[in-house]
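Contents: one structure, followed by commentary.
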Amino acid sequence: MAEPPAIPWWRDAVVYQIYPRSFQDTNGDGVGDLAGVLRRLDYLSWLGVDALWLTPINESPDDDFGYDVSNYYDVHPALGDLGTVDRLIEAAGRCGIRIILDIVPNHTSDRHLWFVEARAARDSAQRNWYVWADPKPDGALPNNWRSAFGGPTWELDPSSCQYYLHQFLPSQPDLNWWNPEVGDEFDRILRFWFDRGVAGFRIDTANKVVKDALLRDNPPLRPTDPPMERRLGQRPVWSSNRPEVHEVWRRWRAVCREYDPERLLVGETVLDDLETVARYYGDDDELQLNFNFPFVFADFTAGALRDVVQRTEAAFGPGRWPVWTASNHDVSRFPTRWCRGDRRRIGMALLMLLTLRGTPFLYYGDELGMTDVPVPTDRLADPLSHRLPGLFRGRDPERTPMLWRSEPGAGFTVPSMEPWLPFGNSGLSVESQRNDPASTLRLCRDLIMLRRESSDLRAGDFGVLDAPDGVWAYRRGSSTVVALNFGDEEVAVPDVRGRVLIASNRERDGAEVPGVLRLGPAEGAVLLSDSAYSGCQNLYELR
Ligand code: GLC
Ligand code: CA
């Protein structure tokens with residue numbers, strides 16, 4: 001077994017999430033593909049990211065755009081093939097960029113051959129790969145569990161008169177992780193991709209994989225239950241966070257340790273309680289990283305963000321490394337959700353994201369300040385907007401194509417092609433921002449570069465500093481200070497001495513701060529504080 005390096009690569013990394021259908025189309029069908037990711041490697045390496053997380057690329061009938069896998073060992077033909085993945089891993093590696101894939105262990109597509117076989121007969125060899133239950137004697141559903149995508153979790157299979165479990169769409173049957181054959185199969189899937197050079201996996205819905213063996217009813221909500229717990233309309237105590245799920249992640253982590261460098265596991269657990277989020281790290285024997293949804297869903301105020309970051313620091317302690325995400329393919333993009341499209345706020349949010357203690361995950365387009373795109377009803381693609389019409393806007397607005405150029409096709413696809421989802425404001429394109437030193441894109445890139453060069457920002461400890469109302473100020477390491485003004489008025493932050501390294505208002509870069517830092521509305525700054533001036537200055541010199 002390989003010795004783990006002292007500092008794992010992901011601790012210092014900035015990860016960039018790509019929704020491959022929306023990044024770059026290379027064959028003019030209006031759908032992005034893996035060859036498109038390959039084509040844009042020079043951009044990604046210019047931007048300075050260290051790893052790409054690709055949402056599912058496996059074969060899939062696309063009921064949930066790849067989160068319904070029909071073959072874990074092959075690639076969706078619209079995206080490419082195994083050869084393209086190999087070329088991508090190789091070419092990205094030459095740019096110092098690693099590839100993280102998405103893995104969906106909770107459920108498969110109902111068109112996966114495992115499920116086709118399982119539903120063929122009650123005594124079929126793979127029946128027990130999924131969760132089946134008889135109706136209650138009075139004909140009622142096996143229990144009261146609710147699906148995350150609306151309605152009960154149970155779907156009747158008329159030919160066998162049994163129900164199968166699905167915590168998402170009815171066409172996404174849940175796997176039965178009590179069956180050791182399922183565990184063995186997933187070990188093979190992990191090794192299949194690790195052997196090809198994949199650096200790690202983002203684990204879809206990692207807290208729901210093991211279900212109560214007795215399928216006990218979930219209890220009703222309590223008035224004090226927090227927002228994410230309330231989503232199902234019941235407390236999911238028997239359908240998620242089961243103690244046995246941790247055995248699965250310990251087993252996967254052992255597979256990761258067979259490789260050098262050790263492969264990475266990043267979990268998705270949509271949970272309010274940060275102690276529970278922390279538990280998925282185990283004793284450094286489960287996931288190395290786990291997404292922080294309380295941060296994603298926090299209000300964009302100094303108080304709310306300071307609170308969630310401090311609670312994270314307290315729950316995680318020094319031994320667990322946080323992840324900071326502002327946008328992803330399931331939530332409204334932060335420039336809309338947090339910043340209502342205000343460019344100043346967008347810059348400040350990026351400055352925050354890239355200066356916290358932990359690994360930042362950017363979502364494609366974050367660096368442009370890309371906002372949600374309204375999608376006309378006749379073009380909605382997300383199954384959720386069809387399943388819960390009127391109730392839920394669906395997730396299409398945050399999945400629209402990347403804006404490369406300000407011209408028809410946006411540099412994403414050929415000009416004559418209507419992309420699979422509509423384009424947003426082409427004025428935000430890479431082309432229009434790349435050469436503008438005041439742009440959001442340049443700010444994002446410069447922050448990534450600063451992070452690379454500053455050991456304070458990469459690894460320094462985190463401490464909150466006193467600041468006036470509406471301002472959140474923190475220290476990183478021995479000599480880096482970050483101050484963010486969430487208010488609409490100019491403020492004076494006392495007791496700050498040093499030099500501005502990067503400010504969201506770029507005209508402030510390099511300014512000396514003699515003792516009071518003035519911040520305009522929605523302005524943020526990273527400073528090298530005075531204590532470090534003697535001798536250390538060059539450490540932070542920007543290229
Ligand atoms: C995760 C994914 C989401 C998907 C769901 C079911 O939450 O991020 O996109 O629909 O799992 O797989
Ligand atoms: Ca294509």
Side-chain angles (χ1 to χ4, degrees), residues 17-40 53-58 60-70 72 75-81 84 100-110 112 147-150 153 165-175 201-209 228 231-232 236 239-240 266-271 290-291 293 296-297 325 327-332 361 363 381-388 392 394-399 401-402 409 411-414 417-421:
Q17 179 191 351
I18 289 180
Y19 200 75
R21 295 177 63 85
S22 290
F23 197 59
Q24 175 67 60
D25 175 22
T26 57
N27 62 350
D29 65 356
V31 174
D33 40 56
L34 294 175
V37 180
L38 236 158
R39 184 187 286 179
R40 294 298 182 181
W53 151 32
L54 310 179
T55 55
I57 62 165
N58 295 125
S60 163
D62 281 339
D63 284 6
D64 191 13
F65 295 106
Y67 286 100
D68 49 323
V69 176
S70 52
Y72 289 86
V75 176
H76 194 309
L79 301 180
D81 55 23
T84 333
I100 299 170
L101 296 183
D102 209 311
I103 191 163
V104 189
N106 181 69
H107 47 267
T108 68
S109 161
D110 64 352
H112 197 299
S147 153
F149 286 175
T153 52
L165 181 81
H166 62 88
Q167 297 196 75
F168 295 90
L169 295 174
S171 59
Q172 292 170 305
D174 273 41
L175 285 160
F201 279 107
R202 175 265 190 189
I203 305 172
D204 189 56
T205 192
N207 56 322
K208 291 178 184 261
V209 167
M228 283 179 257
R231 288 186 160 191
L232 294 182
S239 50
S240 59
V266 191
E268 182 212 25
T269 61
V270 184
L271 297 169
N290 194 9
F291 288 115
F293 283 91
V296 176
F297 293 122
T325 329
S327 308
N328 70 28
H329 63 292
D330 293 327
V331 300
S332 164
F361 274 59
Y363 183 48
D382 181 12
L384 285 194
S385 41
H386 301 298
R387 218 173 137 76
L388 310 167
F392 186 58
R395 299 166 292 181
D396 298 315
E398 59 263 25
R399 298 176 175 180
M402 179 71 173
F412 166 76
T413 188
V414 290
M417 187 69 202
E418 193 67 72
W420 78 289
L421 285 175

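All ligand and atom numbering here is 1-based and tracks the order in the structure.
Under 4.0 angstrom from ligand 1, the non-hydrogen atoms of R202 all belong to its side chain. Contacts with ligand 1 closer than 4.0 Å are made by side-chain heavy atoms of R399 only, the backbone lying farther away. At a 4.0 Å heavy-atom cut-off, ligand 1 does not touch F291 at all.
In terms of distance to the Ca ion (ligand 2), the nearest N, O or S atom of D33 is named OD2. Distances from the Ca ion (ligand 2) to each N, O or S atom of D25 single out OD1 as the nearest.
The aromatic rings of Y67 and H329 lie parallel to each other, with less than 30° between the two planes, well short of the 60° mark.
F149 and H166 have their aromatic ring centers separated by at least 6.0 angstrom.
The shortest N or O to N or O distance between T205 and ligand 1 is not below 3.5 Å.
Taking each heavy atom of S109 and P173 in turn, the nearest pair found is C-CD, 3.9 Å. The two residues L271 and M228 have their closest heavy-atom pair at O-CE, 3.5 Å. Summarising the geometry of G66 relative to V104, their closest heavy-atom pair is O-CG2, 4.4 Å, with the distance given to 0.1 Å. What you find for T108 and L175 is that their closest heavy atoms are CG2-CD1, 3.8 Å. Considering all non-hydrogen atoms of both residues, D102 and N58 come closest at O-OD1, 4.4 Å. Across all their heavy atoms, G30 and F412 have their closest contact at O-CE2, 3.6 Å.
For atom 9 (O) of ligand 1, the closest non-hydrogen atom of the protein is D330 OD1, 2.7 Å. Among protein heavy atoms, atom 11 (O) of ligand 1 sits closest to D204 OD1, 2.8 Å. Looking at atom 4 (C) of ligand 1, its nearest protein heavy atom turns out to be D64 OD2, 3.3 Å.
Ligand-side atoms of ligand 1 in range of E268: 1 (C), 7 (O), 8 (O), range being under 4.0 angstrom from any heavy atom. Here is the list of ligand 1 atoms found below 4.0 Å of a heavy atom in F168: 5 (C), 6 (C). Interface atoms of ligand 1 facing H329, defined by a heavy-atom separation under 4.0 Å, are 2 (C), 3 (C), 8 (O), 9 (O). Using a 4.0 Å cut-off to heavy atoms of H107, the atoms of ligand 1 that qualify are 6 (C), 12 (O). If you number the atoms of ligand 1 from 1 as listed, the ones under 4.0 Å from a heavy atom of R395 come out as 3 (C), 4 (C), 9 (O), 10 (O).
Taking the ring centre of F297 as origin, the terminal cationic atom of R231 falls inside the region bounded by 6.0 Å and 45° from the ring axis.
Comment: D25 does not engage R39 in a salt bridge, judged by the lack of any side-chain N to carboxylate O separation of less than 4.0 angstrom.
Side-chain contact check for K208 versus D174: every heavy-atom pair is 4.5 Å or farther apart.
Ligand 1 lies within reach of F149, whose nearest heavy atom is under 4.0 Å from it.
Residue side and main chain included, V31 places an N/O/S atom under 3.0 Å of the Ca ion (ligand 2).
Angle OD1 (N27) to the Ca ion (ligand 2) to OD1 (D29): 80°, rounded to 10°.
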